[in-house]
Each structure stands twice: as structure tokens, then as C-alpha cells.
Amino acid sequence: MDPNTTGNGKSSDQSDGDMASVMGFSGFGKKARTFDLDAIFEQTRRTAIERSQQVLEERQKEETGDSSHTAKASSSKQRDRAPAPRKKEESSSGSGNSDADSDSELIGPPVPKQLTGQEDDEDLVGPPLPPGYRGSTADDEDDDDDDMEDDEDDNPVKKIPDTHEITLQHGTKTVSALALDPSGARLVTGGYDFDVRFWDFAGMDAALNSFRTIQPCECHQIRSLQYSITGDVILVVSGNAQAKVLDRDGFPVMECPKGDQYIVDMANTKGHTAMLNSGCWHPKIKDEFMTCSNDGTVRTWDLSSNKKHKMCFKPRSLQGKKVTPTCCTYSRDGKLVAAGCQDGTIQIWDRNLSVHTKFHCRQAHAPGTDTSCLTFSYDGTTLASRGGDDTLKTWDIRNFKKPLNVATGLSAFFSMTDCCFSPDDKLLVTGTSVKKDEGNGKLVFFDRASFQKVYEIDVTNAGVVRCLWHPKLNQIMVGTGNGLAKVYYDPVKSHRGAKLCVVKSKRKERQAETLTQDYIITPHALPMFREARQRSTKKQLEKDRLDPMKSHKPEPPVTGPGRGGRVAAHGGTLSSFIVKNIALDKTDDSNPRQAILRHAKEASENPYWVAPAYTKTQPDAIFQEEEESDEEADKEPEWKKRKI
């Protein structure tokens, strides 16, 4: 090696050391290392594969070694247990036969019967169990738990979530409509006060205030509300002839057209012509909904087309006359359309065939009463009807002539009193109405199979109009006749919904700020830079009130004659103004002769009206002399002079 190069290397190392001692780090002038990430990943993958293969091979070797060791140990034990004479015979007979006999024959005392069914791998500790004994094991405990759950399943009353409740104040009038979106996040209530209120369970606190109130149908009572199957729009059915569709925030999306009321055949007009009674969404098609009206039709609509209805169903009585449908619904699969009518009939059509009914029950409820609700069970085989004749009935649509079960004595004063099935299809729920100060309205639960009243809830001192049992939340919503919407829930059995808002504390009210802007106080500033002191707004308002210009004080009425272009208060016409001014003329006309002759001199000097017209035809006036006139005056009697 060249000594010069070694000397240069030593000097460079020494300089690097000096630099490192001064700067605190080394490595000056060296080239940075580069890494190939793809190569590193590939090498890591191969190493992992090799290690996993080694681990698998070691496990296989251990398993094979253990199995051979256990086989040798078992064979050696059997040989030790065999008696000595037997060994001699086996030795004389040959090695092959001895091995076969030792494997086939059982040596030692017989195995107990309790152990014959158990596997050889399980280790038995202690003496054998006596015959017929059955101990408690983990499987038995699981069976006991299953039995407990089965008992709870057999008793559907225990699943009713009624341990807790919250009360939402809709208003003072009847809550006639309730709707929950499919996820259970928002509740919508409508009432006789024309209002629709939106409640958000996740956004509410313990104050339980709605976040929006609208009047979508102006001065018409809300009769029905329902979310679509996707939860993005709401169907609003009110007392007018046009149903509306709103979005989740209450803004209008669609309004059904109104038909021509002078057309005899209601199928030939594009919409309803009378008040609506009910409406609902299709359970499978998100853009289709249905309404029924007092014009005697049930119509289906498409959300994308607001020019005309989609199909029109016309209920008919036994004589073929028009009847009014009071409620309508779809079946769970959406293939059937059902309507309850005022003549007590329930008529069901195929959704695609509107001419003839598929099922028809003539005497479902008392004629002349409003069937307020129809609802299908979740399995789709049972139809429940709530009648205005204070009954609740269930029907099998395959045998539609007789009801399956009937419950009586359920008073209903509202034409929209409804019923619903529990999420497990084992209970049927409806509400009862009461007169004022005659008890409490109740929520009544019936067993679907036996139709026995199994439970009831006292709601409030007014009738129960609407009830809704949400399957996801497992919570019951109730609308009452005194403007309340109640939510019943169980902290253990229910999910979300009312549980989200009751745990939140009420928000503190923000105090109103007295000053609109920050005021900087500079007491020692020069007069030219000193800001005017901010005065109280109350005093300033009082001063402005006294100023007629700032307070826009109206001008008082005219008490005397009109002046300044304003007419007096008693008359606004020109004739009344002139009459008043004439009546107020105070000139003295007691001597009419003088009043006329005062204009004689001016008329003789400046004739304008009469004299110029007769200038050519008027004869010259010839008057007698004054003397003759005086003599004749002296001859007149004294009484004439006095009269003159």
C-alpha cells in the first residue's frame, strides 16, 4: 500500500473526528445509503414462508413420534398384564400368532357399562359412576338457560316495553297521525291543529322539543302520515282532496292533482274530488303510494308522475252502488290492496286488477260505521280490522267469510283509531277512547292466538288515537286526544330511540347581550379623541316615541272644517264638503232688499249678465218727474205709507 494514501486517510479520519467533536455528529462527505423496498419485501416474504414450513414439519414430527410412543407403551402394558403360562404357549406357537391374539382378546376385569360409550382419549378420575346417575354438566346448564329463554318466548307479555315513558307535547288538540322512519331516528306527529312536528331522537335533549313545525296543508286536519320504505320522503294525507309528499326536512316534493268533480265516472278524472281519509306507501316499491277518499275511490300514485293517478279502484255495495272507503292498506308483499268501507264491508283487490275484488266480506263490521284501520300481520296470513262499532277482529283472507277472533267493548270516538301487531306477531295492540272526565284512555294488548286481553296500559285522561310498535327500536309510540305523543320503552329490551334523548341534560339558555359592540372606555383621552358615552337604549326609545316624526305618529282626524287639502271627518265627498261650508256661512241676510240692491250700483256701471242682452231691443225708459211722483205720494192714505 502506498504510504501517501495511508497518510491521507489518517489525516481525513482525524479531520472527521475534529469536526464530529465540534458539531456533535459525524459522517461528513459520505454517500447516503439507498434501499430497494421491493427487494426487502420479497426477502421478508420468502423468510416467512420458510419459517412457517419449518414449524409445520416440526409439528408433524412431534405428532408422529407421540403416536408411535403411545402405541409402544400400550403394547408393553398388555404384555406385562398377561399370565406366565400364556407366555410359554405363545412362545412355542410363534411370534406372528402371539401378536394377533394379544390385540384381539381382552385381558383383565370387565369395563363398567357407564364407560363403554366414552372415548379412549378422555381421562377418567375416581371410581365409576353408579348406573342411572346423571350429573350436571356445562351442557346441562346451557339446556337450562335455553329452557328459561323458551319460557320467556312463550310469554309475550314480558316483551312489552312499558317500564319507562317520555311525553312529547305536540299541542292542545288531538294527535291524529304518527310516523317513524324505518331506522327509528325521526318521529313525525300531525294533529287537528293543522301542524306537523318533526322530532329527532338523537338531536333532542331532556327538554324534548321538536326541531321543526310546519303546516303543509294550511287549514286542513292531518289524517295520516307515513315514511316511505327508504325513509327519504313522507306521505301527508289531510282533509283536502290532494295528498302531499314531503322530504325528510319538511320541504314539498310532490302534490297530487285534483280531479274534476263534475265527471260522473271517477275513474276518468285525474285525481280525488273529495276529502281524503287515509293513505300508505307500498311495502316493496319505494315510489308508489295509495290514498282513499270520500269520492268513493282508492287510487295508487307514482312519485315520479304527478299528472294523474296510476290505478283507480272503486268499491261497490251489494246493489252495485258507490260506497266510501274509510281506510286502505297494502299486504306485506304488496300484491293485494285492501279497503274498509262505510257500509261495513272489507274489499280486497289484486294490485294489478282493479275491476273485480279478489276477496270480499260483506258484513265485516256494522253498516254505517267507519272502519278506522286495516293492517296485515308480518307473516301476511292474518288481517286485523278496527271498526267504528267498538270491535277488533282478525281475519284469515283464505277463509274470509267468518272472523277468526272478535274483541268487543273497545270504544272508538275517532275515525283514525288504529291497531298494530307486535314485532314477533304474537300480540295485537289497539287503543280505546273515553269521554271527558270519565276515566283514562288505555292501550290494550290481545294475544293473537287466543285473543284474550293479556295486558293494558293507562295512557292519559283522553282517548288513545294512534299506536305504533316499531320493530327495530322495540318501542311503542302513542298519539292521544289531548295533544300528547307518548313513547314507551324498556332500557334493556329497547334500542336507541327515546334512550338517546333522556340521558342528555337540558341546554342552558343563552343570556341576551346588552351591548351590540364592545365599548372602549378612555377616561384620560383628549376631547377630540374621546368617544361619546353610550347611552341606554331604553331612554333613547322613550325620546323617539315622543317625537312624532321618528315614531311615525299618524295625523289626528280633522275636528273642524277641512283645511290644508284635508276633508273634514264627517264627509269625504265633494257634495258633503260644499254642504257643510254653506251651512257654516254666517253672513247676515235679514234685509233681503238691501242684500239685492247692494249690487245695483255695480250692475248699472258694469252690466254683464242681463243689460247687454237687451241693448238693441230694450226701449228707452221714460220716468215721471219728481214733483208729480211726490204729489201722488202725498195723496196716498196713511196706512199704505206705514206698510211701505
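Just so you know, these numbers come straight off a predicted model, no measurement behind them. Side chains included, hydrogens not; waters and symmetry mates left out as well; all remaining heavy atoms used.
The stretch residues 178-191 participates, sequence neighbours left out, in these salt bridge (Lys or Arg N to Asp or Glu O under 4.0 Å) pairs: Asp181-Arg248, Arg186-Asp249. Legend: salt bridge (Lys or Arg N to Asp or Glu O under 4.0 Å) pairs involving residues 314-323, not counting sequence neighbours, sorted by first then second residue: Asp265-Lys314. Listed by first and then second residue, the salt bridge (Lys or Arg N to Asp or Glu O under 4.0 Å) pairs that reach into residues 285-299 are Glu288-Lys310, Glu288-Arg351, Asp295-Arg299, sequence neighbours excluded.
Side chain to side chain, Thr460 and Asn482 meet the donor-acceptor criterion of an N or O pair below 3.5 Å. A donor-acceptor pair shorter than 3.5 Å can be found between the side chains of Thr230 and Ser228. With no hydrogens or angles considered, no side-chain donor-acceptor pair links Asp370 and Ser372 at under 3.5 Å.
No more than 12 heavy atoms of other residues, nucleotides or ligands shown are found within 6.0 angstrom of NZ on Lys173. Other residues, nucleotides and ligands contribute only 12 or fewer heavy atoms inside 6.0 Å of the CZ atom of Arg545.
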Stepwise side chain to side chain contact (heavy atoms under 4.5 Å, CB included) check, Asp544 with Leu546: CA-CA 5 Å; Asp544 293 343; Leu546 298 176; over 6 Å; no
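Rounding to the nearest 0.5 Å gives a distance of 8.5 Å between CG of Asp205 and SG of Cys501. With rounding to the nearest 0.5 angstrom, the CD1 atom of Ile346 is 7.5 Å from the SG atom of Cys327. In this structure, CD in Gln242 is found 6.5 Å from NZ in Lys258, a value given to the nearest 0.5 Å. In this structure, the separation between NZ on Lys308 and CG on Asp302 is 14.0 Å, given to the nearest 0.5 Å. The CZ atom of Arg466 lies 8.0 Å from the CG atom of Leu225; values are rounded to the nearest 0.5 Å.
In this structure, the side-chain contact (heavy atoms from CB on, under 4.5 Å) partners of Ser411, at least two apart in sequence or on a different chain, are Asp390, Phe413, Thr432, Ser433. For Thr417, the side-chain hydrogen bond (donor to acceptor under 3.5 Å, both in side chains) criterion is met by no residue, not counting sequence neighbours. Residues that satisfy the side-chain hydrogen bond (donor to acceptor under 3.5 Å, both in side chains) test with His470, not counting sequence neighbours, are absent from this structure. Remark: Asn277 pairs with Arg223, Met275, Cys292, Asn294, Thr324 by the side-chain contact (heavy atoms from CB on, under 4.5 Å) rule, at least two apart or across chains. A search for side-chain hydrogen bond (donor to acceptor under 3.5 Å, both in side chains) contacts involving Gln226 returns nothing, not counting sequence neighbours. In terms of the side-chain contact (heavy atoms from CB on, under 4.5 Å) criterion, residue partners of Val323 (sequence neighbours excluded) are, by chain and number, Pro315, Ser317, Cys341, Asp343, Gln347. Under the side-chain hydrogen bond (donor to acceptor under 3.5 Å, both in side chains) criterion, Asp389 pairs with His365, Thr391, not counting sequence neighbours. Remark: Trp199 pairs with no residue by the ring-ring contact (aromatic ring centres under 6.0 Å, His included) rule, at least two apart or across chains.
Residues Val233 and Leu246 form no side-chain contact, since every pair of their non-hydrogen atoms from C-beta on lies 4.5 Å or further apart. Residues Tyr227 and Val188 meet the side-chain proximity criterion, which asks for heavy atoms closer than 4.5 Å. When side chains are defined from C-beta on, Gln342 does not count as touching Thr371, because their heavy atoms never get closer than 4.5 Å. Looking at Cys280 and Leu235, their side chains never come closer than 4.5 Å, going by heavy atoms from C-beta outward. Taking the side chain as every heavy atom from C-beta outward, Leu443 and Ile476 approach each other to under 4.5 Å. A heavy-atom distance below 4.5 Å is not found between the side chains of His170 and Leu484.
In this structure, Trp301 and Phe289 have parallel ring planes: the angle between them is below the 30° cut-off, well short of the 60° mark.
When all heavy atoms of Ile285 and His282 are compared, the closest pair comes out as N-ND1, 3.0 Å. Taking each heavy atom of Ala485 and Thr189 in turn, the nearest pair found is CB-CG2, 4.0 Å. Pairing each heavy atom of Lys486 with each of Glu165, the nearest pair is NZ-OE2, 3.2 Å.
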Give every donor-acceptor pair under 3.5 Å between a side-chain atom in residues 213-221 and any protein atom, sequence neighbours left out.
from: Thr213; atom 1: OG1; to: Arg197; atom 2: NH1; distance (Å): 3.2
from: Gln215; atom 1: NE2; to: Asp195; atom 2: OD1; distance (Å): 2.9

